[in-house]
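One structure is given here, and the rest of the page talks about it.
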Amino acid sequence: LKIFAPAKIVENIINLKPDLVINDILTTLEGDVLPLQKNGIKVVNFEDLGDGAKMANLTINELYDEPTYQSDNTLWGHQYFFVREEFSDAKRHRFKKQVKNILLTFGGTDQHDLTSQIYHTINDLCSKRGIFIHIVTGPGYSGYDKLNAIIEDNSMVTITRETGAISAIMEKTELAIVSNGRTVLELAHMNIPAIVISQHKREGTHSFSVEKNGFIYLGLFKNQKTTQDVAHNLELLLDNEIYRHKLFKNTTKFSFNNNKKRILNEIEILLEKSEEKTYIENIR
């Protein structure tokens, strides 16, 4: 682990003389990529729509099924998404007629405090139906302590910041309400239908969360309208077993365990080309 001042990051990476740099910083600039390449370093970017994405040797935009720019170096879509290792042995769901558990999770910082808003929206409904609520927050969620105090005496709710345990929690849950990030694909992998909310415009460009893939997409967060839509659609899913089964079946066509090999192969090909070029240059 190396820590550098922001203005010196690229310079210090060059001094390390790596063969490959992998960027996972959402929006790269030309200055994040070109100086590395000029020093013979291959650059691979993940989930990147910045200017540097078009210039990297390889960019993998697995959350975007619809390309937002044209470039021969970019791989688009969920066929390049792979689940974390904790999902490798996770038990995927078979359909259950009764919902007994539901997952709420809204990413790292949860900028609109959807965790609290949605919890308060669905708590009475879940309580009346004997449904257990599992809440998973990111480490940057500022409302954690307040919400934890509120649910402390509720035996039908748990809350955790341990996102690394989310596969084990998903094994227990038949439904989910989530933000529109990579969690949606993890839910598809686990065969869990969900109600999905985009927290910002970038999430709004993730087009995987549609009915044909097993999800009810509510669009960008709009305060009270969104919470009302959540309540309405949750009742629909709980009352209409046929519709919920349809969504469940739509998730069963996905499995993302093997996609990591596809990505690694692309990176290996990239590095092999680099080695061949170096070998040829040395011969000359």
Side-chain angles (χ1 to χ4, degrees), residues 26 47 63-66 99 101-129 131-148 150-151 154 156-161 163 166 169-170 173-188 190 192-240 243-244 246-248 250-251:
L26 291 182
E47 197 181 341
L63 298 186
Y64 304 93
D65 283 330
E66 299 296 329
V99 174
N101 295 270
I102 190 167
L103 168 67
L104 302 186
T105 185
F106 299 99
T109 57
D110 187 7
Q111 64 191 74
H112 300 296
D113 196 13
L114 283 170
T115 304
S116 180
Q117 292 192 60
I118 302 303
Y119 165 71
H120 288 297
T121 298
I122 71 169
N123 182 44
D124 286 346
L125 175 63
C126 290
S127 179
K128 289 175 182 176
R129 300 191 184 216
I131 297 172
F132 198 99
I133 302 173
H134 301 264
I135 301 173
V136 179
T137 74
Y141 174 53
S142 60
Y144 183 90
D145 291 336
K146 182 179 178 181
L147 185 56
N148 190 33
I150 290 171
I151 70 169
N154 190 337
M156 294 296 288
V157 186
T158 61
I159 185 169
T160 181
R161 287 185 174 131
T163 54
I166 200 166
I169 294 172
M170 285 185 183
T173 57
E174 296 84 20
L175 279 179
I177 305 173
V178 300
S179 53
N180 195 18
R182 60 196 335 102
T183 303
V184 175
L185 288 99
E186 291 170 349
L187 290 167
M190 294 292 289
I192 303 171
I195 298 168
V196 182
I197 304 160
S198 287
Q199 298 191 76
H200 45 73
K201 288 183 179 180
R202 189 184 184 101
E203 281 192 359
T205 63
H206 300 168
S207 56
F208 182 80
S209 52
V210 292
E211 187 179 81
K212 71 176 183 178
N213 294 335
F215 304 99
I216 297 175
Y217 179 53
L218 301 184
L220 284 168
F221 173 71
K222 295 179 182 176
N223 295 309
Q224 189 175 359
K225 181 183 185 306
T226 297
T227 55
Q228 289 174 346
D229 287 345
V230 166
H232 168 74
N233 283 284
L234 180 57
E235 281 202 79
L236 170 66
L237 289 171
L238 295 176
D239 292 337
N240 192 330
Y243 180 56
R244 185 165 57 84
K246 174 186 173 183
L247 293 182
F248 169 84
N250 290 348
T251 67

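Numbers for residues simply follow the sequence, beginning at 1.
- Thr105 OG1 to Ile166 CD1: the interatomic distance, rounded to the nearest 0.5 Å, is 4.5 Å.
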Which side-chain N or O atoms in residues 227-240 pair as donor and acceptor under 3.5 Å with protein atoms at least two apart or in another chain?
residue	atom	partner	partner atom	Å
Thr227	OG1	Gln224	O	2.8
Asp229	OD2	Lys225	NZ	2.8
Asn233	ND2	Asp229	O	2.8
Asp239	OD1	Arg129	NH1	2.7
Asp239	OD1	Arg129	NH2	3.0
Asn240	OD1	Ile242	N	3.3
Asn240	OD1	Tyr243	N	2.9

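- In this structure, Glu66 has no salt bridge (Lys or Arg N to Asp or Glu O under 4.0 Å) partners at least two apart in sequence or on a different chain.
- The side-chain contact (heavy atoms from CB on, under 4.5 Å) check on Asn213 picks up Phe208, Val210, Phe215, Lys253, Phe254, with sequence neighbours excluded.
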- request: Would you please test Ile151 and Tyr119 for side-chain contact (heavy atoms from CB on, under 4.5 Å) and show each step?
  value: CA-CA 10 Å; Ile151 70 169; Tyr119 165 71; 3.6 Å; yes
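- Under the side-chain contact (heavy atoms from CB on, under 4.5 Å) criterion, Ser198 pairs with Asn180, Glu203, Tyr217, Leu220, sequence neighbours left out.
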field: Worked check of side-chain contact (heavy atoms from CB on, under 4.5 Å) between Ile131 and Met156
entry: CA-CA 7 Å; Ile131 297 172; Met156 294 296 288; 5.9 Å; no
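- Of all heavy-atom pairs between Asp65 and Ser207, the closest is CB-OG, 3.5 Å.
- Taking each heavy atom of Ser179 and Val184 in turn, the nearest pair found is O-CG2, 3.5 Å.
- None of Ile216, Leu218, Ile122 except one satisfies the side-chain contact (heavy atoms from CB on, under 4.5 Å) rule with Ile177; the exception is Ile122.
- How far OG1 of Thr226 is from CD1 of Ile118: 7.5 Å, rounded to the nearest 0.5 Å.
- Counting only heavy atoms from C-beta outward, the side chains of Phe106 and Thr183 never approach each other to under 4.5 Å.
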- prompt: Can you check side-chain contact (heavy atoms from CB on, under 4.5 Å) on Leu103 and Ile192, steps first, answer last?
  reply: CA-CA 10 Å; Leu103 168 67; Ile192 303 171; over 6 Å; no
Report, one line per pair, each donor and acceptor closer than 3.5 Å where one atom sits in a side chain of residues 133-145; sequence neighbours left out.
residue	atom	partner	partner atom	Å
His134	NE2	Asn101	OD1	2.8
Tyr141	OH	Asp113	OD1	2.5

query: Would Val99 and Arg244 count as a side-chain contact (heavy atoms from CB on, under 4.5 Å) if you check the C-alpha gap in whole Å, the side-chain angles of each, and the deciding distance to 0.1 Å?
result: CA-CA 10 Å; Val99 174; Arg244 185 165 57 84; 3.5 Å; yes
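- For the side chain to side chain donor-acceptor pair (under 3.5 Å) test, residues two or more places apart in sequence or in another chain that qualify with Asp110 are Thr115.
- With rounding to the nearest 0.5 Å, the separation of NE2 in His200 from CD in Gln111 is 5.5 Å.
- Considering only residues two or more places apart in sequence or on other chains, Glu47 meets the side chain to side chain donor-acceptor pair (under 3.5 Å) condition with Arg182.
- In this structure, CG in Leu185 is found 11.5 Å from OG1 in Thr251, a value given to the nearest 0.5 Å.
- The salt bridge (Lys or Arg N to Asp or Glu O under 4.0 Å) pairs that include a residue from residues 212-224 number zero, where partners must be two or more places apart or lie in different chains.
- Listed by chain and residue number, His112 satisfy the ring pair (Phe, Tyr, Trp, His ring centres under 6.0 Å) test with Phe221 (two or more places apart in sequence, or in another chain).
- Atom-to-atom distance recorded for Ile159:CD1 and Leu104:CG is 9.5 Å, nearest 0.5 angstrom.
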